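One structure is given below, encoded as structure tokens.
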Amino acid sequence: MKSEELYALLRRRGVLWPTAEIYGGAQGLYDYGPLGTALKRRLEDAWTAWFVGRSPDYYRIEPSVIVPEAVVRASGHLENFTDPEISCDRCGAHFRAETVLEKVRPEGVDGLAPNQIEEVVRANGLRCPSCGSTTLSVPKPFNLMFDLPFGVGRDERAYLLPETAQASYLAFARMWEVGRKALPLGVAVVGRVFRNEIAPRQVLFRMRAFTQAELQIFFDPAEPPGHLGPRAEELVPVLRADRREQGATDTQLVAARDLVAGGLPEFYVDHLVHMLRFLRDVLGYPAERLRFFEKSEKERAFYNRIQFDAELELESLGGPKEVGAVHYRGDYDLGRHGAASGKDLSVSRPSGRVVPHVLELTFGVDRNLWALADTHLRQDGDRTVWKLPSYLAPVPVGVFPLIAKEHRAYAERLVADLAVAGVEAAYDEASSIGKRYARMDEAGTPFCVTVDGGTVGDGPERDTVTLRARDSKAQERLPATALAARIAPTLRPPRPGPG
RNA sequence: GCGGGCAUAGUGUAGUCUGGUUAUCACAUAGGCUUGCCAAGCCUAUAACCCGGGUUCAAAUCCCGGUGCCCGCACCA
């Protein structure tokens with residue numbers, strides 16, 4: 001489905017809509033409706049079960065979304081907040097772009113994008129005003145944070161958190177105590193973050209307030225976490241940076257063991273496989289549409305030692321889009337916050353004191369919600385079916401009376417009984433039975449239960465109902481009391497196996 | 001942020017160029033009758049010109065501003 005068609009469907013069904021819609025909306029802000037809220041919650045639960053559930057030493061926390069300026073100053077988010085700067089890679093000197101370009105561009109640099117500035121620098125062979133070398137580079141500006149006045153009548157400034165990762169780094173010292181001083185230590189956050197994007201677009205893919213699910217694994221570089229074990233044979237779709245530089249654009253299927261043999265650390269590949277299995281096996285993205293796109297040294301953020309973006313081919317957005325990533329960030333984050341806060345963030349290990357390294361597993365909740373619509377919402381003849389795995393479906397069961405006035409009471413009681421058993425069910429008696437099935441198909445509901453004459457009669461079918469499966473449309477008859485035991489197990493998200 | 005395009009019921013649309021009747025049609029939604037396991041039928045109802053200003057006897061239609069959306073470029077720390 002095309003993006004606009006998909007968005008119209010999601011709006012119509014109350015999955016999501018623009019914030020402040022009655023005022024014409026606001027760029028990059030969206031509200032989730034009943035179905036969207038339920039789906040998002042289940043997606044977050046599935047993520048937590050899969051990533052945080054991998055180790056008893058992994059914890060989920062809920063941090064503040066407002067942080068003091070010192071945090072974003074130390075993290076590097078505040079640098080280059082205003083004018084573009086040019087720095088010299090050799091001598092390290094910094095200059096305002098206007099100053100360096102003065103002679104060749106007296107009209108100034110306003111309106112020039114960083115790459116255009118870079119082009120002018122290259123084209124004119126501009127040299128560093130300090131040491132005279134031609135190693136000038138233009139950092140990307142990132143003044144994308146929302147700042148807030150903080151406190152009453154104070155000069156202090158605070159910022160809305162631009163990424164959840166920072167909150168985990170801030171929590172490390174406390175979590176080291178809480179986690180009883182064990183490494184590896186995992187600190188996960190599922191939370192809203194805020195970026196004042198220049199050009200929000202593509203609905204949930206570029207928002208100004210969005211939800212990230214991130215797990216930061218702190219570890220001793222002498223004892224990196226994760227061994228492939230039985231995962232060594234897993235075929236991982238990758239597009240390596242070195243091959244791309246030679247012009248390759250095709251995804252290769254490479255066994256995990258061969259990625260390690262080719263030089264990637266085993267713990268890193270292990271987590272790449274873990275991410276792959278989540279996207280493919282838990283969320284059900286088609287394997288052939290997934291790939292891990294390696295960022296080259298030039299492309300990746302300077303603090304990332306290894307970076308593969310998990311990309312998913314999306315029909316609605318016309319290409320592969322990032323839905324998650326695995327970043328090996330080294331000791332950059334704890335090093336920066338340790339230095340800036342004056343608190344020693346190194347820990348005592350058998351080998352001596354070490355600043356833990358960080359492996360970051362990051363996942364964009366909103367864009368994956370969109371991706372679940374893109375990949376699983378299918379037009380099947382006249383039917384529109386959202387083929388979500390049961391544990392992600394916003395509403396797991398629909399309950400209908402075949403004839404409203406005769407079967408209503410029984411069906412309503414069944415809804416209440418299912419709720420008590422922990423299975424949320426939606427009741428619907430409007431229009432024809434076919435339309436009710438169709439409505440539930442569109443909402444992704446995997447099961448529909450119908451109460452009919454047999455159910456309420458005195459014959460052999462007394463107290464039995466029909467259970468209809470969304471994908472096959474097949475029906476079976478079973479006792480109403482057996483429903484919860486039948487459905488509940490399918491609603492639990494998968495957990496990783498041992499090892 | 002730059003350039004281009006677009007904006008009519010819940011959804012998709014006709015009408016806009018060439019200003020003028022009660023704003024078209026389908027689906028959806030609600031109620032009734034009928035039917036009774038896959039969007040059936042009949043009847044009825046609800047429901048729209050993005051916001052603001054201007055031109056004009058008259059604006060969905062022409063002009064200006066705003067907002068939002070789409071595409072390309074740039075950006076995505």
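In this text, all values refer to a predicted model and were calculated from it rather than measured experimentally. Letters A, B, ... are given to chains in the order of the sequence lines, protein chains preceding strands, and every chain is numbered from 1.
Note on ring orientation: taking the six-membered ring where Trp is involved, the planes of A/F194 and A/F146 are perpendicular (angle over 60°, cut-offs 30° and 60°). Taking the six-membered ring where the residue is Trp, A/H357 and A/Y328 present tilted rings, their angle falling between 30° and 60°.
The aromatic ring centres of A/F293 and A/F308 sit 6.0 Å or more apart. Aromatic ring centres of A/F51 and A/H274: separated by under 6.0 Å. Ring centroid separation for the pair A/F210 and A/Y30 does not come in under the 6.0 Å cut-off. For A/F150 and A/Y159, the distance between ring centers is not under 6.0 angstrom.
B/C50 and B/G15 are spaced 16 Å apart, taking the P atom of each and rounding to whole Å. B/C42 and B/G65: their P atoms are spaced 50 Å apart (whole Å). Here, B/G10 and B/A45 have their C1' atoms 16 Å apart, quoted to the whole Å. Using atom C1' as the reference point in both B/A28 and B/G19, the two lie 33 Å apart (nearest Å). B/A59 and B/C76: their P atoms are spaced 49 Å apart (whole Å). B/A23 and B/G41 have their P atoms separated by 28 Å, with the value rounded to a whole Å. The gap from the C1' atom of B/G68 to that of B/G32 amounts to 41 Å, rounded to the nearest Å. Distance check on atom P: B/A48 versus B/A9 gives 9 Å, rounded to whole Å.
Using a 4.0 Å heavy-atom distance criterion, A/Q202 is classed as a sugar-phosphate-only contact. Across all strands shown, A/F205 has no heavy atoms under 4.0 Å from either base or sugar-phosphate atoms. Nucleic acid contact for A/P162: base, since at least one base atom lies under 4.0 Å from a heavy atom of the residue.
With rounding to whole Å, A/D366 atom CG is found 15 Å from B/C76 atom C1'. Atom pair A/E311:CD and B/C76:P shows a separation of 15 Å (rounding to whole Å applied). Rounded to whole angstrom, the span from the CG atom of A/L377 across to the P atom of B/U11 amounts to 17 Å. When rounded to the nearest whole Å, the span between CG of A/L204 and P of B/C70 equals 11 Å. Rounded to an integer number of Å, the gap from OH of A/Y169 to P of B/A77 is 13 Å. The separation between A/E21 atom CD and B/C51 atom P is 14 Å, rounded to whole Å. Counting to the nearest Å, the P atom of B/A77 and the CZ atom of A/R329 are 10 Å from each other. As rounded to whole Å, 12 Å separates atom C1' of B/G1 from atom CG of A/N196.
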Identify all pairs in which a protein N or O lies below 3.5 Å from an N or O of nucleotides 2-4 of chain B, and state each distance.
none

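Looking at A/W386 and A/T445, their side chains never bring a donor and an acceptor atom within 3.5 Å of each other.
Shown here, B/C73 forms a base pair with B/G1; the pair counts as Watson-Crick or G-U wobble because both key distances fall under 3.5 Å. Under the Watson-Crick or G-U wobble criterion, with both distances below 3.5 Å, B/A60 has no partner in any strand shown. Across all strands shown, B/A7 forms a Watson-Crick or G-U wobble pair with B/U67, both key distances being under 3.5 Å. A 3.5 Å limit on both hydrogen-bonding distances identifies no Watson-Crick or G-U partner for B/A23. Base pairing of B/U13 is not made with any nucleotide, judged by Watson-Crick or G-U wobble geometry with both donor-acceptor distances under 3.5 Å. Base pairing of B/C42 is made with B/G32, judged by Watson-Crick or G-U wobble geometry with both donor-acceptor distances under 3.5 Å. Look at B/U55: it lacks any Watson-Crick or wobble partner with both distances under 3.5 angstrom.
Taking only side-chain atoms of A/E4, from C-beta outward, the nucleotide of B/C71, B/C69, B/C75 with the closest atom is B/C69. Side chain of A/R206, nearest nucleotide from B/U11, B/C76, B/A77: B/C76.
Taking a 6.0 Å sphere around CD of A/Q379, one finds it holds more than 12 heavy atoms contributed by other residues, nucleotides or ligands.
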Quiz prompt | B/S/- contact track for nucleotides 25-45 of chain B, protein heavy atom under 4.0 Å | solution = ---SS------BBBBS-----

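Scanning all heavy atoms of the two residues, the minimum distance from A/G36 to A/L369 falls at O-CD1, 3.9 Å.
Ion pair A/R383/A/D441 flagged as a salt bridge, since at least one NZ, NE, NH1 or NH2 atom sits closer than 4.0 Å to an Asp/Glu carboxylate oxygen.
Comparing A/R195 and A/R11, the nucleotide of RNA chain B nearest to each residue sits closer to the 5' end for A/R11.
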Quiz prompt | Test ring-ring contact (aromatic ring centres under 6.0 Å, His included) applied to A/F400 and A/Y427, step by step | solution = CA-CA 6 Å; A/F400 316 139; A/Y427 175 82; 8.3 Å; no

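Partners of A/R477 according to the salt bridge (charged side-chain N to carboxylate O under 4.0 Å, His left out) rule, which considers only residues two or more places apart in sequence or in another chain, are A/D452, A/E461.
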